[in-house]
Amino acid sequence: MAQNVPLNLFTVKSPLAAEVIENKRLTALSRGPKNDVRHLTLRYKEKYAYLPGQSAGILPPATDPVTGKPHKLRLYSVASESAGDAGDGQTVSLCVVRHFWDNSVTGEKNIPGVCSNYLCDVKVGDSVSMTGPSGRHFIIPEDFKHRDFIFVATGTGIAPYRGMLKELFDRGYEGNAALYFGVQYGDVILYDDEFEAYRKHKNFSYFKAISREQANPFPGEVPTRNNKMYVQAKMYVSREALAESLKKPDSMMYLCGLKGMEEGIFPVLEKIGQSLGTQDSFVAKLKAEQRLKVEVY
Ligand code: NAP
């Protein structure tokens with residue numbers, strides 16, 4: 001899957017014009033703007049080849065009022081398989097949450113993020129300027145067929161796994177894949193119906209950590225903020241199955257989502273490493289063997 005990795009086919013100086021063909025809200029309308037997550041599909045005429053695990057650059061229109069220069073590009077993980085949602089190689093999909101930030105210098109709060117709000121508000125038929133694709137460290141290895149994969153996501157960090165899982169199962173995957181997905185509420189589980197449908201594959205398991213509706217059953221062993229159910233607690237519950245996969249020398253783990261999520265997950269990995277008799281850091285071993293990939297921001 002990963003042999004010929006397309007990179008930087010389009011740049012800031014020479015971007016790709018893509019047309020919005022879909023902007024679908026993935027979460028319950030009753031949830032506020034901070035839980036407004038969109039599945040966007042963009043169609044283009046030129047060839048924008050990409051692999052799941054790569055990112056697409058988006059150039060927001062208008063200028064930055066502070067610098068007076070055009071806004072910088074923002075990267076979003078591709079959320080579709082390489083053939084795209086339409087299957088014709090002419091679309092890419094993104095998963096975008098409406099972002100708000102606080103300015104610690106001015107004290108201003110809940111400032112709408114430039115690019116995420118732009119993308120959440122685009123209409124079908126609008127044109128979007130794109131760069132990329134970029135990144136190669138998060139893609140699935142070409143010899144994927146019999147490897148075990150553990151995918152861990154928080155929130156919109158689910159984006160790359162949507163395409164990866166589709167691609168794996170479309171291509172006759174025979175290893176074991178486990179997906180751990182952390183979200184705040186049961187009605188904001190992104191792409192839940194798609195992941196539920198993969199349960200028909202006996203080699204797929206799917207665990208949801210719903211932080212504001214479930215409690216952490218192991219707060220002593222795996223501390224989480226306010227004893228919430230986070231992905232690391234779900235991982236601890238199924239630590240024996242994880243150990244079975246992680247003891248295989250070609251198994252791989254991917255973490256994607258909120259910056260800081262790895263800090264709660266690594267201690268669980270160390271516990272699993274100890275159960276496997278690893279003397280030194282299991283996380284360091286997995287990283288050194290290129291078996292642990294982290295994309296958080
Ligand atoms: P979110 O809804 O704020 O959080 C998702 C879940 O993670 C919630 O259940 C949250 O629990 C939980 N959580 C919070 N802190 C955690 C921790 N330390 N360890 C484990 N779980 C934790 O997520 P989001 O707003 O979608 O943000 C996702 C992040 O992914 C963003 O930073 C985004 O930049 C990044 N990302 C996005 C893409 C993309 O393509 N869109 C790709 C890669 C990464 P509580 O809120 O209840 O505490």
Side-chain angles (χ1 to χ4, degrees), residues 23 25-28 31-42 50-58 73-80 92-102 110 112-120 130 132-135 137-139 151-164 179-192 207-216 218-219 222-237 254-269 293-297:
N23 177 355
R25 182 164 170 147
L26 296 176
T27 51
R31 300 284 169 203
K34 290 184 182 174
N35 268 305
D36 182 358
V37 183
R38 304 300 176 111
H39 180 74
L40 292 167
T41 302
L42 308 172
Y50 61 84
L51 295 169
Q54 291 194 288
S55 297
I58 300 292
L73 76 86
R74 267 61 162 192
L75 293 175
Y76 293 87
S77 299
V78 162
S80 41
V92 65
S93 298
L94 308 176
C95 178
V96 181
V97 61
R98 201 180 275 283
H99 178 64
F100 297 87
W101 60 286
D102 297 339
N110 286 321
V114 169
C115 198
S116 68
N117 279 271
Y118 158 65
L119 285 174
C120 286
M130 290 176 59
S134 68
H137 89 104
F138 213 67
I139 54 184
F151 299 117
V152 187
T154 49
T156 54
I158 195 68
Y161 307 140
R162 178 177 181 264
M164 287 176 178
L179 173 63
Y180 291 82
F181 187 14
V183 293
Q184 292 176 343
Y185 305 101
D187 55 8
V188 299
I189 310 174
L190 314 172
Y191 308 113
D192 188 43
F207 305 92
K208 297 174 246 191
I210 305 177
S211 61
R212 301 190 184 187
E213 295 174 5
Q214 301 169 337
N216 175 358
F218 290 104
V222 187
T224 53
R225 195 181 307 134
N226 300 328
N227 292 341
K228 289 192 227 185
M229 178 61 97
Y230 280 174
V231 278
Q232 53 266 43
K234 279 278 172 193
M235 291 170 70
Y236 187 74
V237 171
Y254 290 72
L255 309 182
C256 189
L258 291 166
K259 196 171 172 56
M261 66 185 271
E262 67 280 21
E263 286 161 24
I265 292 168
F266 287 174
V268 174
L269 288 179
K293 309 278 179 182
V294 181
E295 186 145 302
V296 292
Y297 45 86

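Atoms within a ligand are numbered from 1 in the order they appear, just like the ligands themselves.
For Lys208, the salt bridge (Lys or Arg N to Asp or Glu O under 4.0 Å) test picks out Asp192, Glu196, with sequence neighbours left out. With sequence neighbours left out, Asp102 forms a side-chain hydrogen bond (donor to acceptor under 3.5 Å, both in side chains) with no residue at all.
A distance of 7.5 Å separates CZ of Phe138 from OG of Ser77, quoted to the nearest 0.5 Å. Distance NE2/His39 to OG/Ser80: 7.0 Å, rounded to 0.5 Å.
Sorted by first then second residue, the salt bridge (charged side-chain N to carboxylate O under 4.0 Å, His left out) pairs that include residues 224-233, not counting sequence neighbours, number zero.
A tilted orientation is assigned to the rings of Phe151 and Tyr254, their planes being inclined by 30° to 60°.
Every protein residue with a heavy atom nearer than 4.0 Å to ligand 1 is included here: Tyr76, Ser77, Cys95, Thr154, Gly155, Thr156, Gly157, Ala159, Gly182, Val183, Gln184, Ser211, Arg212, Arg225, Lys228, Tyr230, Gln232, Cys256, Gly257, Leu258, Gly260, Met261, Tyr297.
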